[in-house]
Structures are given as C-alpha cells and as structure tokens.
Amino acid sequence: MAIILGADDAKDWFYKGEGAANLVLGYRGSSPALLGKVLRVEKIPKGSTRASECEVLTEHEKLVWADIGEVVESTSKKVVQQAFVETVLIPLLGAEHIDGGIQVIVSREFLKIIEKNVRNKRPVWRVEAAEVDLLCDSALLMSDHSIFPDGSCKEGSCISVEIKPKCGFLPYSEFIVGANAIKKSVTRFRMHQFLKLHKKEVSQMSEYDPLHLFSGSLERINLAIRSLFATPQNNFRIFSDGSLIYGGLGGVMDNTECEAKQLQETKKAAEDRAKFLIQRDFGIQLDSFLELIAEAIFKSGMLKQLLATQKLDVIDIEGAIHAYYNVICQPCLVCKNLGDAALLHRYSLLHSLPLDESLKIVREYLTAATAKDCSLMISFRPKECGDWAANCISLRSSNKIFEYRAYYIDMDMKHLEKMVYYYKSDPESLSVSSIIENCCISRNVM
Ligand SMILES: O=P(O)(O)O[C@@H]1[C@@H](OP(=O)(O)O)[C@H](OP(=O)(O)O)[C@H](O)[C@H](OP(=O)(O)O)[C@H]1OP(=O)(O)O
Ligand SMILES: Nc1ncnc2c1ncn2[C@@H]1O[C@H](COP(=O)(O)OP(=O)(O)OP(=O)(O)O)[C@@H](O)[C@H]1O
Ligand SMILES: [Zn+2]
C-alpha cells in the first residue's frame with residue numbers, strides 16, 4: 001500500500017540533518033514500515049519562484065539523458081532521479097552500496113508543520129538560504145544508514161561515520177589554459193578551502209587531502225581519516241545510535257563568528273565525548289576507531305569505483321563547457337570573449353564534434369559531478385559471535401572484530417544549467433588560491 005504522510009504524521013519526524021538541497025528527517029513513531037527510515041525532503045532557495053514539483057527535464061536535458069529510457073518523457077522529476085540512479089549510477093558504482101529509496105506522498109500540511117517544527121534545529125545560515133519546498137508532493141523514504149537495519153543493535157552498540165570525500169584526482173586536460181595550470185597540481189578541494197577561508201565560511205584550512213583518501217593505500221587512507229577528524233568541516237561526522245556526536249549538524253562545524261577560544265572549547269568537548277562513547281561502546285581508543293574506518297574504506301573498494309566515476313570528467317570544465325554550448329545550440333560565450341587564436345583553434349575542435357559526442361561529454365561531466373559531491377555513510381557494530389562474513393574487520397590494534405555496512409548517499413542528478421556555474425566558479429577559487437599560494441610561497445609558510 002502506498003505510504004501517504006499527512007498533517008497528523010508530522011509529529012513523528014525529527015530533524016536529522018541537511019545539505020544545500022535537502023532536509024533529512026528521522027522517524028520516532030511506531031509504524032513498522034517507517035521504523036529505521038529517514039525522509040529526504042526537498043528545499044528551495046528562499047525567494048525562488050521555481051516550482052520544483054513541476055520542473056522535469058528541459059528539452060536539452062532530455063537529449064543528454066536520452067539513454068535512460070522513456071523516463072525522459074516522464075512528468076515527474078522523482079521518476080527521472082530514480083532512473084538516473086538505476087541506469088547511470090548503479091552500473092558504475094555497483095548496486096551493493098546504493099539505496100535508491102522510494103518516493104512517498106506528502107501533503108502540503110505535513111511539509112508546513114515539518115518546516116515549523118525543525119526551524120530552530122537548523123543552522124541559521126541554512127534557514128536563511130533555503131526553505132522546505134511546499135510545492136513538492138512527494139519525498140524520498142530511505143533506510144537510515146547511521147544505524148543497523150535489523151533492530152538487533154542493542155542501545156549503545158552502533159557507531160557510524162559520514163564522509164564527503166569530494167574530488168579525488170587532479171585534472172590533466174589539454175583544454176586547461178596556462179593561466180589556470182595551478183589546477184593540475186593543487187586539488188579543487190584545497191583551492192575551495194582557500195576560497196572558503198577568504199569568505200570566512202571556515203575558520204581554518206582543512207587538513208584533509210582527498211588524494212590521500214582516494215590513493216588506494218591503507219597508510220594514506222589512515223592519514224586522510226585522521227585529518228578529517230582533526231578538521232571535520234562538512235566532510236566528516238560521527239553518529240552514535242543514529243545521533244550526531246561529532247562534526248557539524250547540517251553544515252560546516254566551524255562558526256567563524258565564534259571566538260577562536262570558544263570554538264576550540266566546543267571542538268574539544270565534542271572530541272572528548274566521541275572518545276568516551278567509542279571507548280564505552282566499542283571498548284577501543286579513538287585511534288583504533290579511525291583505523292577501523294580506514295580499513296572499512298579500503299576493504300569495501302567503494303572509493304575505487306567512486307574515483308573511476310569522477311574521472312568521467314576527462315576534459316575538465318574548460319573543455320566540457322564548449323560541448324555544453326554545442327548541446328544547447330547557442331554561440332559559445334567562452335569562445336566569443338576569447339582573443340587568443342591558438343586557444344580558439346583548440347576549442348574549435350570541440351565545436352566541430354558531432355552532437356552525440358558533445359552529448360556524451362556533457363552527460364559524463366554531469367555524472368562525474370554527482371560522484372564528486374556524494375557522501376559515504378559507514379556504520380559499525382562489534383561482532384560478538386557467529387560466522388566471519390565478508391563485511392567484517394579484525395582490528396589488529398585491539399584484537400576485536402567489527403561488522404560494517406557502507407552506503408553512498410546524495411546521488412542527485414546535477415542540472416545541465418549548472419555547467420555555466422561550474423565554469424564561472426572556477427576562476428574565483430583559482431584567483432584566490434593562486435594569490436594566497438604565491439604569497440605563502442614567497443613567505444615560505446606552506
Ligand atoms: O561546488 P562545490 O564543490 O563547492 O560543491 C557544492 C557543495 O559545497 P562543498 O564545497 O562540498 O561545501 C555544497 O555543499 P554545502 O552546501 O557547502 O554543504 C552542495 O553539496 C552543492 O551541491 P547542490 O547545490 O546540492 O547540488 C555542491 O555543488 P556541486 O559543485 O556538487 O554542484
Ligand atoms: N539515508 C540516510 N541515513 C542517515 N542519514 C542521512 C541519510 N541521507 C542523508 N542523511 C543525513 O542528512 C544530511 C543531508 O543529506 P544529503 O547529503 O542527502 O543532503 P543534500 O542537500 O542533498 O546535500 P548536498 O549539500 O551535498 O547537496 C547528510 O549529511 C546526512 O547526515
Ligand atoms: Zn567554445
């Protein structure tokens with residue numbers, strides 16, 4: 001029977017977290033069909049007039065995603081998203097770690113009450129940026145990946161982590177112009193860190209280096225996990241029995257308006273609490289827990305598949321943007337403003353590609369963009385007895401065995417029109433990072 005959530009159901013849902021585009025709610029009611037589930041509700045930027053419920057694929061997007069079948073004719077964005085996961089992502093990432101979820105019907109009254117109930121739990125900057133999209137008539141119901149699903153997890157025995165790994169490789173495209181060559185040696189994540197610091201969105205640079213996490217080397221993965229713990233920002237969270245115990249709720253942990261001392265104290269308190277719960281529930285030290293996470297990432301092979309999907313972005317946005325203009329059949333605004341004849345010649349090769357090749361470049365660029373922005377959730381519980389299974393890890397440092405479950409979350413299809421934003425947002429972070437980097441090199445402080 002189809003699940004329909006109305007006004008009376010709203011009290012059973014509580015704020016669990018959010019990203020830029022969705023609000024995620026946990027369930028505390030008594031319906032067996034909803035226990036252990038989360039509800040992912042779409043948001044809309046404040047002041048936006050876009051009726052997201054009605055917005056399906058544009059004519060150009062239909063061309064790009066023609067391979068995903070009749071769904072391109074669908075009148076529901078949700079159906080298209082589901083088909084994107086099934087037809088595009090599962091073949092690339094494997095079905096084992098993907099939970100597509102199901103769409104459930106939600107009434108406008110339900111959404112209105114939810115919006116009101118969760119407002120004071122949300123970070124202020126998220127409230128100012130976006131609100132629940134009241135025009136949406138459905139939401140995504142999926143398993144809560146911060147807990148084990150079978151209910152056999154006794155209280156205090158499940159600890160999970162969420163990691164947003166971001167882009168794990170350096171681009172090497174021939175279409176990257178000389179002035180942007182820094183992209184080939186400094187990760188996009190690091191450049192964004194400079195930009196975020198400059199804009200005061202974070203109070204310090206992250207120590208995390210995606211190249212370590214994606215390296216395939218257990219030693220470097222360990223290093224990456226330690227850095228994520230040291231500077232979690234919006235890239236790392238820890239949950240105990242589904243409740244957040246470490247990392248920022250709904251956004252970055254840093255609050256740059258806080259006094260540095262206060263920030264340090266808050267961080268230290270969260271760190272102490274995480275250490276305490278890990279010791280109490282798993283009987284291991286923080287160091288061993290971080291090692292457990294690294295082992296699970298290494299063993300699952302998830303980042304290998306994720307990296308391969310990210311690398312579908314072969315020619316970088318500096319190449320793909322020209323294919324985008326081919327797809328939308330408009331004069332290329334990049335080439336239009338270019339005075340360099342050699343560059344114009346290089347890009348003219350892209351403009352002379354047949355349409356199906358341009359479509360492929362754009363489709364793969366957008367697929368890679370999803371893979372660069374998704375997260376992993378890995379939950380752990382001690383394995384007390386029973387058979388050794390493939391998803392078990394024997395922790396050398398503590399002589400204990402743990403079971404893990406790992407999932408990708410946030411697999412949303414990126415809009416075609418975002419290609420222009422990707423192209424335009426590049427120079428901003430490039431200019432900030434190269435200025436700061438040059439300045440640091442000359443002062444020898446890097
Ligand atoms: O552009 P990026 O790399 O900063 O990624 C955006 C993320 O910023 P981040 O750097 O992870 O803090 C951003 O995350 P936050 O809002 O910063 O938590 C979103 O995930 C955004 O995706 P969308 O707008 O929901 O489609 C992300 O946009 P996409 O680039 O993935 O489209
Ligand atoms: N299936 C799940 N189980 C448990 N928690 C979840 C699940 N899905 C999402 N969450 C929590 O909700 C938060 C927001 O979800 P999600 O990343 O899907 O939002 P988003 O708006 O699409 O993110 P982004 O900013 O990357 O676009 C996550 O960071 C995570 O903490
Ligand atoms: Zn062009």
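Note that ligands are numbered from 1 as they come in the structure, with each ligand's atoms numbered from 1 the same way. Heavy-atom basis, side chains included; hydrogens, waters and symmetry copies ignored. As the structure is a computational prediction, the values presented were derived from the model and not from experiment.
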(request) Please say whether Trp125 places an N or O atom under 3.5 Å from an N or O atom belonging to ligand 1. (result) no
(request) Measure the distances from the heavy atoms of His415 to every atom of ligand 1 and state whether one is below 4.0 angstrom. (result) no
(request) Evaluate whether atom CZ of Arg28 has more than 12 neighbouring non-hydrogen atoms of other residues, nucleotides or ligands under 6.0 angstrom away. (result) yes
(request) Heavy-atom contacts with Lys196 under 4.0 Å: which atoms of ligand 1 show up? List them by number with element. (result) 9 (P), 10 (O), 12 (O)
(request) Return yes when atom NZ of Lys11 has more than 12 non-hydrogen atoms of other residues, nucleotides or ligands closer than 6.0 Å, and no otherwise. (result) yes
(message) Pair Tyr208, Phe189 - check ring pair (Phe, Tyr, Trp, His ring centres under 6.0 Å), show working.
(response) CA-CA 9 Å; Tyr208 167 62; Phe189 178 77; 5.2 Å; yes
(message) Using the side chain to side chain contact (heavy atoms under 4.5 Å, CB included) definition, which of the options Leu57, Leu416, Ile68 pairs with Lys62?
(response) Leu57
(request) Decide yes or no for Lys166 and Asp373: does some side-chain heavy atom of the first lie under 4.5 Å from some side-chain heavy atom of the second? (result) yes
(request) Mind checking ring-ring contact (aromatic ring centres under 6.0 Å, His included) for His322 and listing every partner two or more places apart, or none if nothing turns up? (result) Tyr347, His351
(message) Restricting to under 2.8 Å, identify the protein N, O or S atoms around the Zn ion (ligand 3) as residue plus atom.
(response) His322 ND1, Cys332 SG, Cys335 SG, His351 NE2
(request) Work out whether the distance between some heavy atom of Met191 and some atom of ligand 1 is less than 4.0 Å. (result) no
(message) Asp316 and salt bridge (charged side-chain N to carboxylate O under 4.0 Å, His left out): which single residue from Arg188, Lys183, Lys311, Lys184 fits?
(response) Lys183
(message) Looking at ligand 1, is there an atom of it that comes within less than 4.0 Å of some heavy atom belonging to Lys164?
(response) yes
(request) With sequence neighbours left out, write down each residue that passes side-chain hydrogen bond (donor to acceptor under 3.5 Å, both in side chains) with His60, or none if nothing qualifies. (result) none
(message) Less than 3.5 Å apart, any donor N or O on the side chain of Gln233 or Gln193 sitting next to an acceptor on the other?
(response) yes
(message) Against ligand 1, does Phe189 come closer than 4.0 Å with any heavy atom?
(response) no
(request) Anything under 30° is parallel, anything over 60° is perpendicular, the rest tilted; go ahead and classify Phe229 against Phe236. (result) perpendicular
(message) Can you check which of Asn234, Thr370, Asp373 brings a heavy atom nearest to atom 17 (O) of ligand 1?
(response) Asn234
(request) Please check if any side-chain donor atom of Glu207 sits under 3.5 Å from a side-chain acceptor atom of Ser227, or the reverse. (result) no
(request) Take the angle between the ring planes of Tyr404 and Phe380 and call it parallel below 30°, perpendicular above 60°, tilted in between. (result) tilted
(request) Examine the side chains of Lys16 and Ser146 and answer whether a donor and an acceptor come within less than 3.5 Å of each other. (result) yes
(request) Just jot down the ligand 1 atoms closer than 4.0 angstrom to any heavy atom of Ala20, in number order. (result) 16 (O), 19 (C), 25 (O)
(request) Could you tell me whether Arg188 and ligand 1 have an N or O pair separated by under 3.5 Å? (result) yes
(message) Quick check on contacts: which atoms of ligand 1 are under 4.0 angstrom from a heavy atom of Lys418?
(response) 22 (O), 23 (P), 24 (O), 26 (O), 28 (O), 29 (P), 32 (O)
(message) Between Tyr408 and Met302 (side chain of the first, backbone of the second, donor and acceptor by atom type, cut-off under 3.5 Å), is there such a pair?
(response) yes
List below, pair by pair, the N or O atoms of ligand 2 and of the protein that are less than 3.5 Å apart, including the distance to 0.1 Å; reply 'none' if no pair qualifies.
from: ligand 2; atom 1: 1 (N); to: Ser143; atom 2: O; distance (Å): 2.9
from: ligand 2; atom 1: 3 (N); to: His145; atom 2: N; distance (Å): 2.9
from: ligand 2; atom 1: 18 (O); to: Arg40; atom 2: NE; distance (Å): 2.7
from: ligand 2; atom 1: 18 (O); to: Arg40; atom 2: NH2; distance (Å): 3.1
from: ligand 2; atom 1: 21 (O); to: Gly19; atom 2: N; distance (Å): 3.4
from: ligand 2; atom 1: 21 (O); to: Ala20; atom 2: N; distance (Å): 3.2
from: ligand 2; atom 1: 21 (O); to: Ala21; atom 2: N; distance (Å): 2.8
from: ligand 2; atom 1: 21 (O); to: Asn22; atom 2: N; distance (Å): 2.7
from: ligand 2; atom 1: 22 (O); to: Asn22; atom 2: ND2; distance (Å): 3.0
from: ligand 2; atom 1: 22 (O); to: Arg40; atom 2: NH2; distance (Å): 2.8
from: ligand 2; atom 1: 22 (O); to: Asp410; atom 2: OD1; distance (Å): 3.3
from: ligand 2; atom 1: 22 (O); to: Asp410; atom 2: OD2; distance (Å): 3.1
from: ligand 2; atom 1: 23 (O); to: Asp410; atom 2: OD2; distance (Å): 3.0
from: ligand 2; atom 1: 25 (O); to: Ala20; atom 2: N; distance (Å): 2.6
from: ligand 2; atom 1: 26 (O); to: Lys164; atom 2: NZ; distance (Å): 3.4
from: ligand 2; atom 1: 26 (O); to: Asp410; atom 2: OD2; distance (Å): 2.7
from: ligand 2; atom 1: 27 (O); to: Asp410; atom 2: OD2; distance (Å): 3.2
from: ligand 2; atom 1: 29 (O); to: Glu162; atom 2: OE1; distance (Å): 3.3
from: ligand 2; atom 1: 29 (O); to: Glu162; atom 2: OE2; distance (Å): 2.4
from: ligand 2; atom 1: 29 (O); to: Arg237; atom 2: NH1; distance (Å): 3.4
from: ligand 2; atom 1: 31 (O); to: Glu162; atom 2: OE1; distance (Å): 2.5

(request) Closest by any non-hydrogen atom to atom 18 (O) of ligand 1: pick that one out of His192, Arg126, Lys372, Lys166. (result) Arg126
(request) Might you confirm whether atom NZ of Lys336 has over 12 heavy atoms from other residues, nucleotides or ligands at distances under 6.0 Å? (result) no
